[in-house]
Q: 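Take this structure, written in structure tokens, and hold onto it; I'll ask about it next.
Position 1 is the first residue of the sequence; numbering continues from there.
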Amino acid sequence: MTTIHKINATLLVYAFFLLYPFYLRDKQPQRYKGIWLEIGTLFRNRYGALIVLNITLGLTINFIIKSYTNNGAFGFISMIVYYLIFSTTFLWYPFYLKEKKASKYKGIWKVIGDWIGDPRSAFPHRKR
């Protein structure tokens, strides 16, 4: 098993532990207790868990690129490009459509936006 495969397996397990509590909360509330309740309470909604997962994936991309190219700057730039593409496309764009262009908030963007939730609820100290 190569290093890339180990990293991918670790990230898959990490994503499971971050997102499974929200599945339990929505689909099987009787099992939403113990550690799953604590993880769900920590992040409040899927958006908070996806931010943490996004940061981890960005750092992993930085590590992989830096390891293969032996160039720290290229790894850092690829991490920033990943953040810009992933965060704006999947985390912010559905919310933008929902708030500003409701007529275009349909299809896959509606599914993603409804599944992720409102980004403002991930940061409760911020005023709406």
Q: What pairs of residues pass the side-chain hydrogen bond (donor to acceptor under 3.5 Å, both in side chains) test when at least one of them lies in residues 53-68, not counting sequence neighbours?
A: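 As it turns out, the side-chain hydrogen bond (donor to acceptor under 3.5 Å, both in side chains) pairs with a partner in residues 53-68, which skip direct neighbours, are Tyr14-Thr56, Asn54-Tyr82, Asn54-Ser87.
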Q: Got a sec, which residues hit ring-ring contact (aromatic ring centres under 6.0 Å, His included) with Phe90, two or more places apart in sequence or on another chain?
A: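 Only Phe86 meet the ring-ring contact (aromatic ring centres under 6.0 Å, His included) criterion with Phe90.
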Q: Can you name the ring-ring contact (aromatic ring centres under 6.0 Å, His included) partners of Tyr23, sequence neighbours left out?
A: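 ring-ring contact (aromatic ring centres under 6.0 Å, His included) list for Tyr23, sorted by chain: Tyr20.
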Q: What pairs with Gln28 under side chain to side chain donor-acceptor pair (under 3.5 Å), at least two apart in sequence or on another chain?
A: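 With neighbours one apart ignored, the set is Arg31.
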Q: Quick check on the hydrophobic clustering: are Phe76 and Phe74 connected, directly or via other members, by side-chain heavy-atom contacts under 4.5 Å?
A: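 Same hydrophobic cluster.
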Q: Consider only side-chain heavy atoms of I, L, V, M, F, W and Y, link residues closer than 4.5 Å, and tell whether Ile85 and Trp92 are in one cluster.
A: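 Ile85 does not cluster with Trp92.
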Q: Given Phe95 and Ile112, is the side-chain contact (heavy atoms from CB on, under 4.5 Å) satisfied, shown in steps?
A: CA-CA 9 Å; Phe95 177 70; Ile112 292 171; over 6 Å; no
Q: How many angstroms lie between atom CG of Leu19 and atom CD1 of Ile39, to the nearest 0.5 angstrom?
A: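 Separation between the atoms: 10.5 Å.
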Q: If you look at every heavy atom in Lys106 and Ser103, which pair is closest and at what distance?
A: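 Distance-wise, the nearest heavy atoms are CE-O, 3.7 Å.
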Q: So which heavy atom on Gly40 is nearest to which on Pro21, and how close?
A: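 Looking at all heavy atoms of both residues, the closest pair is N-CB, 4.0 Å.
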Q: Which residues pass the ring-ring contact (aromatic ring centres under 6.0 Å, His included) test with Phe63, not counting sequence neighbours?
A: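 Partners of Phe63 by the ring-ring contact (aromatic ring centres under 6.0 Å, His included) criterion come out as none, since no residue qualifies.
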Q: Does Tyr83 use its side chain to pair, donor to acceptor, with the backbone of Ile55 at less than 3.5 Å?
A: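 Yes; at least one donor-acceptor contact below 3.5 Å.
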Q: Between OG1 of Thr69 and CD1 of Ile64, what distance do you get to the nearest 0.5 Å?
A: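 Spacing of OG1 (Thr69) from CD1 (Ile64) equals 11.5 Å.
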Q: Group every Ile, Leu, Val, Met, Phe, Trp and Tyr by side-chain heavy-atom contacts under 4.5 Å, then state whether Leu57 and Leu12 land in the same group.
A: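 Leu57 does not cluster with Leu12.
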Q: CG of Leu24 to CD of Gln30: how many Å apart, nearest 0.5 Å?
A: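 Leu24 atom CG to Gln30 atom CD measures 8.5 Å (nearest 0.5 Å).
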Q: Decide whether Leu91 and Tyr96 are clustered together by the hydrophobic rule: side chain heavy atoms of Ile, Leu, Val, Met, Phe, Trp, Tyr closer than 4.5 Å, transitively.
A: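 Leu91 and Tyr96: one cluster.
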Q: Who are the salt bridge (charged side-chain N to carboxylate O under 4.0 Å, His left out) partners of Arg46, not counting sequence neighbours?
A: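 Residues passing salt bridge (charged side-chain N to carboxylate O under 4.0 Å, His left out) with Arg46: Asp26.
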Q: State the CD1-CE distance between Ile65 and Met79, to the nearest 0.5 angstrom.
A: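 Result: 11.5 Å between the selected atoms.
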Q: Please round to the nearest 0.5 Å and tell me the distance separating atom CD1 of Ile116 and atom NZ of Lys98.
A: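 Here the rounded value is 11.0 Å.
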Q: Same cluster or not: Val52 versus Trp36, using hydrophobic residues (I, L, V, M, F, W, Y) connected whenever any side-chain heavy atoms lie under 4.5 Å apart?
A: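 Yes: a chain of side-chain contacts under 4.5 Å links Val52 to Trp36.
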Q: Quick one: CD1 on Ile80 to CD1 on Ile61, what's the gap to the nearest 0.5 Å?
A: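 Here the interatomic distance stands at 11.5 Å.
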Q: Stepwise, does the side-chain contact (heavy atoms from CB on, under 4.5 Å) test hold for Thr88 with Tyr93?
A: CA-CA 6 Å; Thr88 55; Tyr93 189 64; over 6 Å; no
Q: Do the side chains of Trp115 and Leu50 get nearer than 4.5 Å, heavy atoms only?
A: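 Heavy-atom side-chain distance check passes, below 4.5 Å.
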Q: Are Leu18 and Phe43 close enough that some pair of their side-chain heavy atoms sits under 4.5 Å apart?
A: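 Leu18 vs Phe43: side chains touch.
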